[in-house]
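For ligands, and for the atoms within them, numbers begin at 1 and follow the listed sequence.
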Amino acid sequence: MLIPYIITIFFLILRTSRSSNTIVVHQNISDGQTIVSGNAKFELGFFSPGISKSRYLGIWFKNTSPQTVTWVANRETPLLDTLSVVKLDNQGNLTLVNGSGKVVWSSNSSASGTTINLVAQLLDTGNLVIKNGTITNNENIVWQSFDYPGDTFLLGMKLGKNFISGKETYLTSWRSADDPSPGEYTYRFLMVKGKYQQSYIRRSSAIATRIGPFNGITISGRPLITIDTAHPAYVSSMVVNQNEMYFTAISTNDTITGSARATLTPGGTYEVFKQSFRNREWILSITLPADYCDNYGVCGPYGSCDTANSPYCGCLKGFEQKISEEKSSDNDTSICRWRIALDCGPGEGFQKFSSMKQPDTENAVFSGNISLQDCEDACKNNCSCTAYASPNITPRGVGCLLWFGDLIDVRVYAQNGQDFYVRLAASEFSGEPEKILDKEVPLFRLSIISRATNDFSVDNKLGEGGFGTVYKGVLDEGQEIAVKRLSKSSRQGLGEFHNEVICIAKLQHRNLVKLLGYCIQGYEKMLVYEYMPNNSLDSFLFDESRKALLDWPQRFRIIHGIARGLLYLHQDSRLKVVHRDLKAGNILLDHQMHPKISDFGLARMFKEDENEANTKRVVGTLGYISPEYAVSGLFSVKSDIFSFGVLVLETVSGKKNRGFVHEDHDDNLLGHAWRLYREGKSDDLIDECLRTSYSACEVSRSVHVGLLCVQNRVEDRPDTSTVVAMLGGEGLLPSPKKPAFFVQESERNSTSILPLLPSSVNGVTLSQVDGR
Ligand SMILES: *[C@@H]1O[C@H](CO)[C@@H](O)[C@H](O)[C@H]1NC(C)=O
Ligand SMILES: *[C@@H]1O[C@H](CO)[C@@H](O)[C@H](O)[C@H]1NC(C)=O
Ligand SMILES: *[C@@H]1O[C@H](CO)[C@@H](O)[C@H](O)[C@H]1NC(C)=O
Ligand SMILES: *[C@@H]1O[C@H](CO)[C@@H](O)[C@H](O)[C@H]1NC(C)=O
Ligand SMILES: *[C@@H]1O[C@H](CO)[C@@H](O)[C@H](O)[C@H]1NC(C)=O
Ligand SMILES: *[C@@H]1O[C@H](CO)[C@@H](O)[C@H](O)[C@H]1NC(C)=O
Ligand SMILES: *[C@@H]1O[C@H](CO)[C@@H](O)[C@H](O)[C@H]1NC(C)=O
Ligand SMILES: *[C@@H]1O[C@H](CO)[C@@H](O)[C@H](O)[C@H]1NC(C)=O
Ligand SMILES: *[C@@H]1O[C@H](CO)[C@@H](O)[C@H](O)[C@H]1NC(C)=O
Ligand SMILES: *[C@@H]1O[C@H](CO)[C@@H](O)[C@H](O)[C@H]1NC(C)=O
Ligand SMILES: *[C@@H]1O[C@H](CO)[C@@H](O)[C@H](O)[C@H]1NC(C)=O
């Protein structure tokens, strides 16, 4: 018993006389005494922060003023007097004992096995370690303060996560300059397997600022520690393996060790300091957040923040601002959407963005050993991939980030930015519309159109739609044209304009209106069509003085023509197009009263194997919209079929579905047709003015087909080729089920569906309604 005791005393005397950077077993360090690191840069002892009277055990930079604390042991258990001592027991447990002998804090560490000379040592890095022996060997470390950081990052520290123990190491701000207990802010890395490393400053759980991603050298954009690549004094690295993931930075020059720090302040700013060699003063080198654009995601998904612009927020190239009605909910803070919706067609490509902060990698998948070219291919081959990039800027750096979903927290950097590539629609890469369509569709100069329309004179006005005004014009060579001039306040953005031009330019059919050209100049956007001398179908059908001009054979031919135009759109063209706004007002009539489907502003091109799509933005016209589209935004060729069915019943009856009234019942036109059909009197639906001359069999057949088209269930409705065949044939037709929207929609409480739709709209395409 005596011999080990003597040995201990011997070592104790030996060690304390040789070095003051260690605490040996059973040695008491009391308030007033300190331990100093070998390089004399760090000191451990008791202190009171700011104006506080409480005492804390901590480590600070020696001889700097004001005192700069890097670590606090008893953050949450302040000492009230100066009678405390700290000591190391023979198990390797460092404890802080107050004046009453109560343990206020302990490291809770214990060395297993034989321990020869257990010590607690303050290293030159500012790390307090408890270890077995004086040999510098990580194996011997029982405990270290670097594993329990407070608000300060020092060179040599690791911030990250150990996947085996689950332990995560991150910074927590002080509550205030006088109170080291944990405050509101944390600074931690995104440490999830398979996700790429970046760091966040959070205020409790909300992200305040994102720093990164790691670019192979340091944390991108605002490097934590500026690097002189020729003479690097600091090297930061990201270590990722099966067991752990962490960020660390070390000094390559011993004289620099212990002369840099990064602190998360009580107010949530992350500040990086370097120490001046001359007078040891702290020089602030980086502050984050540095400006407005460092506020996390401040411009919303697909937005980009640039402090050199006014306003700071804008949409990425290829994106445009949404209008407020398009927001899916009140909580939807997003402002940008694709200017031209993606359809994953083969022509889609990637727009390069340079000198930027790469989007939040939370939404990205990382593969370490993939070249940029392979990365692009990988993104292109997966329709849900929205962007790709290499995060690594080192000369031989590889690695591939693929983003799935929203691109968030993008900003422009004046320097040290990085590249990334965002998926955009094919037409975005054919150059400006002028350039694509010079090839395919003629461009008209504004002056030509202005002359042709007599300066857009009121006398030339043919009509007014939601997107703008339609004028008649005559070109110099005598050709008559119809010009759709989009109003400046039009909801038809450049996206819909491109959509219409591109869509209709590729479609050529006798039952589709022909686009002759377009004009885009300044704010002016115009579409030039062949002139239709007989206006639109609704101008006959719903006009008491003109409806008789359309006899039954003409009406039956018009129904056929529309069906054939639709068949071309849905099946026979190179594209598969859903029109989405089929209505009497969009059926134009040429000089021979042949119908032509017009207005492709809302049309959607589908891929061959794609059958339906979903939109958050229900567009179309009340009275023609199918139930599944109105309720869940789901549209397909079958939603066009529904509209077609309504159109057929309107053409037969000369009555509008919307606003239909009958003295005997409250049913709408569809309900009325259904009653007549069930009573075996379908041909009674015929327009009063044609009562004396019509084919009962053709009318009944049209009504029957119309009713098949307006059935509630998508799968009950016939497809377009069947519709065409049924109209032309004579065979038996299946029995229709009760139509959707049976009752007048004004009967609010009997139709649960309609509250989704605004009620104050009359025959106007929903997306066009202004001033609400
Ligand atoms: C250390 O302090 C404790 C009181 O906390 C005291 O009992 C003990 O004798 C002291 N040991 C030495 C070696 O000073
Ligand atoms: C020591 O700590 C105990 C328990 O926290 C407390 O009751 C006691 O008042 C403290 N003594 C002093 C002198 O601070
Ligand atoms: C460390 O010491 C404290 C105070 O004596 C004790 O409560 C704690 O259990 C010890 N921890 C370990 C791991 O020995
Ligand atoms: C040490 O263990 C004690 C008892 O389990 C616990 O109250 C204390 O919070 C622990 N200290 C630290 C620093 O984890
Ligand atoms: C402490 O060091 C001695 C000698 O180096 C070694 O034999 C012993 O196993 C070590 N103990 C622990 C817990 O590492
Ligand atoms: C280390 O840094 C000091 C101070 O800047 C400098 O004088 C010295 O040359 C550096 N040593 C090396 C090896 O770079
Ligand atoms: C909007 O946010 C609030 C608060 O976060 C939440 O309670 C509500 O459910 C959200 N509403 C929707 C439609 O997501
Ligand atoms: C990365 O890819 C290269 C070339 O394909 C290969 O030689 C190398 O071993 C790969 N490295 C890793 C870590 O997979
Ligand atoms: C696209 O990538 C996502 C995420 O990695 C994956 O879940 C999905 O299966 C991929 N789709 C295809 C078609 O490869
Ligand atoms: C249709 O237009 C032609 C040519 O302008 C005209 O001759 C004809 O009368 C029009 N038909 C009707 C029904 O208005
Ligand atoms: C709703 O329906 C009930 C029962 O059919 C009827 O009494 C009531 O008047 C209706 N309310 C409205 C606002 O139409």
Side-chain angles (χ1 to χ4, degrees), residues 28 30-32 44 46 48 52-59 71-89 91-111 120 128-130 142-150 162 165-170 172 180-182 460 462-463 472-474 478-482 513 529-558 561 584 587-596 598 651 654 687 689-690 693:
N28 282 351
S30 54
D31 196 333
L44 175 142
F46 293 84
S48 293
S52 170
K53 295 274 189 297
S54 299
R55 303 296 286 171
Y56 294 89
L57 174 69
I59 300 170
W71 181 78
V72 182
N74 54 323
R75 286 184 83 171
E76 291 173 86
T77 49
L79 301 161
L80 304 177
D81 58 27
T82 56
L83 301 172
S84 316
V85 293
V86 62
K87 58 186 178 184
L88 182 67
D89 72 16
Q91 295 301 306
N93 192 0
L94 193 71
T95 54
L96 179 57
V97 180
N98 78 5
S100 321
K102 285 272 188 274
V103 175
V104 169
W105 176 87
S106 73
S107 67
N108 287 342
S109 47
S110 69
L128 177 66
V129 300
I130 298 172
V142 173
W143 181 92
Q144 56 182 333
S145 64
F146 271 17
D147 285 344
Y148 303 88
N162 184 312
S165 65
K167 183 169 163 28
E168 199 177 345
T169 313
Y170 56 92
T172 316
S181 66
N460 285 46
L462 290 173
K472 183 184 177 181
V474 183
Q479 186 181 8
E480 291 182 315
I481 56 171
V513 73
Y529 297 99
E530 57 180 334
Y531 175 65
M532 292 288 136
N534 286 316
N535 214 326
S536 54
L537 182 58
D538 63 337
S539 75
F540 285 96
L541 283 185
F542 310 135
D543 180 330
E544 291 306 323
S545 63
R546 280 161 56 87
K547 56 177 17 187
L549 294 173
L550 267 191
D551 60 15
W552 173 252
Q554 274 178 323
R555 292 194 194 194
F556 196 47
R557 228 183 301 126
I558 287 170
I587 305 298
L588 303 183
L589 300 168
D590 71 3
H591 65 289
Q592 293 174 301
M593 302 300 277
H594 288 142
K596 309 235 178 187
S598 77
T651 307
D687 199 335
C689 71
L690 301 183
S693 150

Does the protein come close to [atom] - that is, does one of its heavy atoms sit below 4.0 Å from that atom?
atom                    : value
atom 11 (N) of ligand 2 : yes
atom 7 (O) of ligand 10 : no
atom 14 (O) of ligand 2 : yes

Can you see which heavy atom on [X] is nearest to which on [Y], and at what distance?
X    : Y    : result
L549 : Q554 : O-OE1, 3.1 Å
L94  : S109 : N-OG, 4.4 Å
L690 : D551 : CD2-CA, 4.0 Å
L550 : R555 : O-NE, 3.0 Å

When you look at D147 and K167, which way does the salt bridge (Lys or Arg N to Asp or Glu O under 4.0 Å) test go after all the steps?
-> CA-CA 9 Å; D147 285 344; K167 183 169 163 28; over 6 Å; no

What do you reckon, does W105 have a nitrogen or oxygen under 3.5 Å from a nitrogen or oxygen of ligand 4?
->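 For ligand 4, there is no N or O atom that lies under 3.5 Å from one belonging to W105.
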
Could you tell me how the ring of W71 sits relative to the ring of W105: parallel (under 30°), tilted (30 to 60°) or perpendicular (over 60°)?
->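 Rings of W71 and W105: perpendicular, as their planes differ by over 60°.
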
For [atom], what is the closest protein heavy atom, and at what distance to 0.1 Å?
atom                    : result
atom 2 (O) of ligand 4  : N108 ND2, 2.3 Å
atom 4 (C) of ligand 10 : H591 CB, 3.7 Å
atom 1 (C) of ligand 10 : N534 ND2, 1.8 Å

Hey, are S181 and R75 close enough side-chain-wise for a donor-acceptor pair under 3.5 Å?
->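 S181 and R75 do not have a side-chain donor-acceptor pair below 3.5 Å.
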
Polar contact flag, side-chain donor to acceptor under 3.5 angstrom, S30-N28 =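 No donor-acceptor contact under 3.5 Å links the two side chains.
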
Subset of ligand 2 atoms that lie under 4.0 Å from at least one heavy atom of S100 |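 Result: 1 (C), 8 (C), 10 (C), 11 (N), 12 (C), 13 (C).
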
Which of the ligand 2 atoms, numbered from 1, are nearer than 4.0 Å to a heavy atom of N98 =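 So the atoms of ligand 2 that pass are 1 (C), 2 (O), 3 (C), 8 (C), 10 (C), 11 (N), 12 (C), 14 (O).
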
For ligand 2, note which part of D81 has a heavy atom under 4.0 Å away: side chain, backbone, both or neither.
->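 The answer is the side chain.
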
Polar-atom distance check: D590 versus ligand 10, any N or O pair below 3.5 Å?
->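 No, no N or O pair falls under 3.5 Å.
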
Taking only heavy atoms of P533 into account, list the atoms of ligand 10 that are under 4.0 Å away from them.
->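 The list of qualifying atoms is 5 (O).
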
Residue Y170 excluded, over 12 heavy atoms near OH under 6.0 Å |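 Counting other residues, nucleotides and ligands, OH of Y170 stays at 12 neighbours or fewer.
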
Would you mind telling me if ligand 4 is within reach of the side chain of S106, the backbone, both or neither, using heavy atoms under 4.0 Å?
->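 Both backbone and side chain.
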
